[in-house]
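Working notes, structure below.
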Amino acid sequence: MQKFETLTGVAAPLNIVNVDTDMIIPKQFLKTIQRTGLGKSLFFEMRYTQDGKEIKDFVLNQPAYRKAEILVAGDNFGCGSSREHAPWALLDFGIRCVISTSFADIFYNNCFKNGILPIKVSPEDLAKLMDDAERGSNATLTIDLPNQEIRGPDGGRVKFDLDPFRKHCLLNGLDDIGLTMEKKASIDTFEKKQHTSQPWL
């Protein structure tokens, strides 16, 4: 998993509440178990017409936000079903950080497992960050994970809280497999001991 330390990138405003996982990646794209290739279908029903043409008004189709790496979203982002394809699609598009006042628990957990940083902020701070994001090509935010801080284009700063264990995993690029591999030496020692003392195992 890619490490997350400091990210400076364009922030796209998605000022919609209760964005569910079916809106993020509709059910017809859940057949794959590959983590790549889903970015083109992110927010499919909001990005494209029924005949496959881009909807120009949708934020990620606008020139200033086509390469956004940060999403500033409304309350209760990621609600609905538990599909892990939702963070896969965000990451494949290029989104490494989502900022909201609240997230659905399963989506929130899935983000950390895939190298995405979901940040919870107060409604007042979200309003400031949404205003920053609405500046188009000037909508650049810096996400400083070591210092747990968001810096805006005008020098404004927003602090955020994060569980220390989740922070450790992101800073070191550790998903569930990576966490297990940190214990490789102990696992190897245990296996050798078991093989010697209980060879039938």
Would a 4.5 Å heavy-atom cut-off, applied to side chains only, mark [X] and [Y] as touching?
| X | Y | value |
| --- | --- | --- |
| Arg47 | Leu42 | yes |
| Leu170 | Ile116 | no |
| Ile119 | Ile143 | yes |
| Gln62 | Lys56 | no |
| Pro153 | Arg135 | yes |
| Ile25 | Arg83 | yes |
| Glu5 | Asn172 | no |
| Leu129 | Ile150 | yes |

Could you tell me which residues satisfy ring-ring contact (aromatic ring centres under 6.0 Å, His included) with Phe29, sequence neighbours excluded, listed by chain and number?
->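 Expected list: Phe44.
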Which residues satisfy the ring-ring contact (aromatic ring centres under 6.0 Å, His included) test with Phe112, sequence neighbours excluded?
->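 With neighbours one apart ignored, the set is Tyr108.
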Thr6 versus Pro146, closest heavy-atom pair with distance =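 So the two residues come closest at OG1-CD, 4.3 Å.
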Nearest atoms (heavy-atom pairs only) where Ala133 meets Ala12 |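 Result for this residue pair: CB-C, 4.1 Å.
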Cluster check Trp88, Leu117: I/L/V/M/F/W/Y, side chain < 4.5 angstrom |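 No; tracing contacts between hydrophobic side chains, which count when under 4.5 Å, never links both residues.
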Linked, directly or transitively: Leu91 and Leu38 (ILVMFWY side chains, under 4.5 Å) =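 Each belongs to a different hydrophobic cluster.
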Asp125 side chain vs Val121 backbone, donor-acceptor pair below 3.5 Å |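 The answer is no, because no donor-acceptor pair under 3.5 Å joins these two groups.
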Any sub-3.5 Å donor-acceptor pair from His85's side-chain atoms to Gln34's backbone N or O?
->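 No, His85 side chain to Gln34 backbone: no donor-acceptor pair under 3.5 Å.
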Separation of [Y] [atom2] from [X] [atom1] (nearest 0.5 Å):
| X | Y | atom1 | atom2 | value |
| --- | --- | --- | --- | --- |
| Ser81 | Lys27 | OG | NZ | 10.5 Å |
| Lys120 | Ser102 | NZ | OG | 8.0 Å |
| Cys169 | Met1 | SG | CE | 6.5 Å |
| Met46 | Ile55 | CE | CD1 | 9.5 Å |

CA sep, side-chain torsions, deciding dist, call: Glu84, Asn114, side-chain hydrogen bond (donor to acceptor under 3.5 Å, both in side chains) | CA-CA 9 Å; Glu84 194 170 0; Asn114 289 281; 2.9 Å; yes
Does atom CG of Asp163 have more than 12 heavy-atom neighbours from other groups under 6.0 Å away?
->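 Yes - once you tally the heavy atoms of other residues, nucleotides and ligands closer than 6.0 Å, there are more than 12.
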Residues two or more places apart in sequence or in another chain: which of them pass salt bridge (Lys or Arg N to Asp or Glu O under 4.0 Å) with Asp105?
->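 Listed in chain order: nothing, the list is empty.
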Any idea how Phe77 and Phe107 line up, ring-wise: parallel (<30°), tilted (30 to 60°), or perpendicular (>60°)?
->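 Phe77 vs Phe107 ring planes: perpendicular.
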Any chance you could lay out the side chain to side chain contact (heavy atoms under 4.5 Å, CB included) test for Tyr48 and Lys53, step after step, and finish with the verdict?
-> CA-CA 5 Å; Tyr48 304 103; Lys53 294 180 180 177; over 6 Å; no
Between Leu7 and Cys97, does a side chain to side chain contact (heavy atoms under 4.5 Å, CB included) hold up when you go through it step by step?
-> CA-CA 9 Å; Leu7 169 68; Cys97 176; 4.3 Å; yes
side-chain hydrogen bond (donor to acceptor under 3.5 Å, both in side chains) between Thr36 and Asp92: does it pass, once the steps are laid out?
-> CA-CA 6 Å; Thr36 57; Asp92 193 60; 5.3 Å; no
Do Asn147 and Arg157 have side-chain N/O donor and acceptor atoms under 3.5 Å apart?
->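 No, no side-chain donor-acceptor contact under 3.5 Å.
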Run through Asp132, Asn15, Leu141, Leu14 and flag the one making a side-chain contact (heavy atoms from CB on, under 4.5 Å) with Val72.
->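 It is Leu141, the one option of Asp132, Asn15, Leu141, Leu14 that forms the side-chain contact (heavy atoms from CB on, under 4.5 Å) with Val72.
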